[in-house]
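Note that the coordinates shown come from a computational prediction; the quantities given were computed from them, not determined experimentally. Order of the sequence lines sets the chain letters (A, B, ...), proteins ahead of strands, with each chain counted from 1.
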There are 2 protein chains.
Amino acid sequence: MLSKTAEYALRATIYIAQKGTEDNKLGIDEVAEGIDSPKSFTAKILQLLTQNDRVVSSVRGRNGGFYLTDRARKLPVRAILEAVEEEEVITKCVLGLKECSETRPCPMHLQYKAIKKQLKQLFEKTSIQQLVEESNKGNLFINNQKAPKKRS
Amino acid sequence: MLSKTAEYALRATIYIAQKGTEDNKLGIDEVAEGIDSPKSFTAKILQLLTQNDRVVSSVRGRNGGFYLTDRARKLPVRAILEAVEEEEVITKCVLGLKECSETRPCPMHLQYKAIKKQLKQLFEKTSIQQLVEESNKGNLFINNQKAPKKRS
DNA sequence: TTATAAAAGGATAAATTTGTCCTTAATTAT
DNA sequence: ATAATTAAGGACAAATTTATCCTTTTATAA
Ligand code: FES
Ligand code: FES
């Protein structure tokens with residue numbers, strides 16, 4: 001469905017949104033450990049997410065790290081996909097044809113378009129903040145570890 | 001969403017089901033041209049689809065080629081995904097966690113599970129034959145060419 | 001003002017996916 | 001039988017994705 005890059009981007013952003021604020025920034029080590037992802041690769045992906053004021057904010061140097069502004073929290077999840085250039089999942093033909101439309105439908109289009117629409121809704125109508133709120137309510141997971149990792 | 005391999009596998013199988021029968025087999029050249037895919041690569045993928053009596057049938061030598069048996073036409077589209085080992089799209093966590101379940105849900109699970117269910121239905125409840133029938137009714141496309149290619 | 005801590009950035013490497021080419025095996029028309 | 005035709009299979013190559021490492025820049029604590 002999504003590339004590793006997009007998966008890590010989503011997990012990292014949600015994790016940072018959950019735990020990070022402007023005066024409690026998260027370091028790359030904590031993020032990578034928190035979402036169970038390769039550290040250096042995750043750092044690269046966070047660069048995409050921070051570039052030109054996109055989704056994630058960052059500060060270098062001592063006490064630096066990653067966090068999300070209130071503005072960013074209101075962004076749709078789709079903004080994360082855009083940052084890693086993977087929105088096409090929302091628009092693409094399931095058979096990989098160059099065009100997907102009513103005027104040029106593939107044999108699966110009629111059935112697939114409903115799914116596509118819901119995917120679109122999922123990514124466009126859901127904000128990062130909403131996911132954080134849900135996480136606060138229920139007991140949700142964002143890594144593969146057995147129990148939430150204790151801070152040392 | 002799907003890999004090129006899976007996309008070509010779906011397109012090739014549907015195309016063969018549409019145009020090929022036991023006494024009108026299709027050659028790899030026609031298939032690749034018909035679905036707008038790289039010939040040699042498509043040949044490799046068709047090997048996966050023919051191996052141990054899976055989805056596509058083939059005969060070598062003069063008058064050889066690819067076709068679908070009546071049994072194969074009744075198979076769910078999922079059988080094609082299985083042949084290229086890509087069923088996981090139906091079961092995987094959208095954030096890439098190793099497990100996706102009610103007992104270990106990620107922050108998007110609640111919303112995504114409905115989509116997953118429909119994807120599952122699409123691939124399991126739809127048979128190859130059904131797609132062919134739909135194609136016969138409507139004017140559907142399975143390649144990127146402007147109009148259906150004339151046979152020379 | 002110096003040392004330390006952190007992200008940014010660049011180069012490179014490893015792994016996987018996608019794609020090609022050539023030989024082999026099988027079938028059939030001649 | 002022989003030649004022609006076609007898929008199968010193996011080896012390899014190109015492209016892309018995933019991942020690591022090292023240096024540079026920026027900020028702050030001491
Ligand atoms: S054309 Fe294939 S899904 Fe729309
Ligand atoms: S756990 Fe993530 S989609 Fe089910």
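A/V77 is not listed as a side-chain neighbour of A/L122, based on a closest heavy-atom distance of 4.5 Å or more. In this structure the side chain of A/V56 never reaches within 4.5 angstrom of the side chain of A/Y67, judged on heavy atoms.
Contact check, B/Y8 against C/dG19: a side-chain N or O comes under 4.0 Å of OP1 or OP2. Note on B/S58: every side-chain N or O is 4.0 Å or more away from OP1 and OP2 of D/dT6. For C/dA29, the OP1/OP2 oxygens have a side-chain nitrogen or oxygen of B/N63 closer than 4.0 Å. The phosphate of C/dA8 has OP1 or OP2 within less than 4.0 Å of a side-chain N or O from A/T50.
Rounded to whole angstrom, the span from the CG atom of B/D23 across to the P atom of C/dT27 amounts to 18 Å.
The side chain of A/R62 sits closest to D/dA29 out of C/dT28, C/dT18, D/dA29. The side chain of B/R60 lies closest to C/dA26, out of D/dT28, C/dA26, C/dT18.
Using a 4.0 Å heavy-atom cutoff across all strands shown, B/L48 reaches no nucleic acid atom at all.
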**Item:** Intermediate values then yes/no, side chain to side chain contact (heavy atoms under 4.5 Å, CB included), B/F141 and A/E99
**Value:** CA-CA 10 Å; B/F141 299 78; A/E99 191 185 331; over 6 Å; no
**Message:** Using side chain to side chain contact (heavy atoms under 4.5 Å, CB included), reason through B/T50 and B/F66 one step at a time and then give a plain yes or no.
**Reply:** CA-CA 9 Å; B/T50 52; B/F66 300 95; 4.2 Å; yes
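Within residues 34-46 of chain A, the residues approaching DNA chain D are A/P38, A/S40, A/F41, A/K44, by heavy-atom distance under 4.0 Å.
Judged as a side-chain contact (heavy atoms from CB on, under 4.5 Å), and not counting sequence neighbours, the contacts of A/A9 are A/I45, A/L49, A/I80, A/V84.
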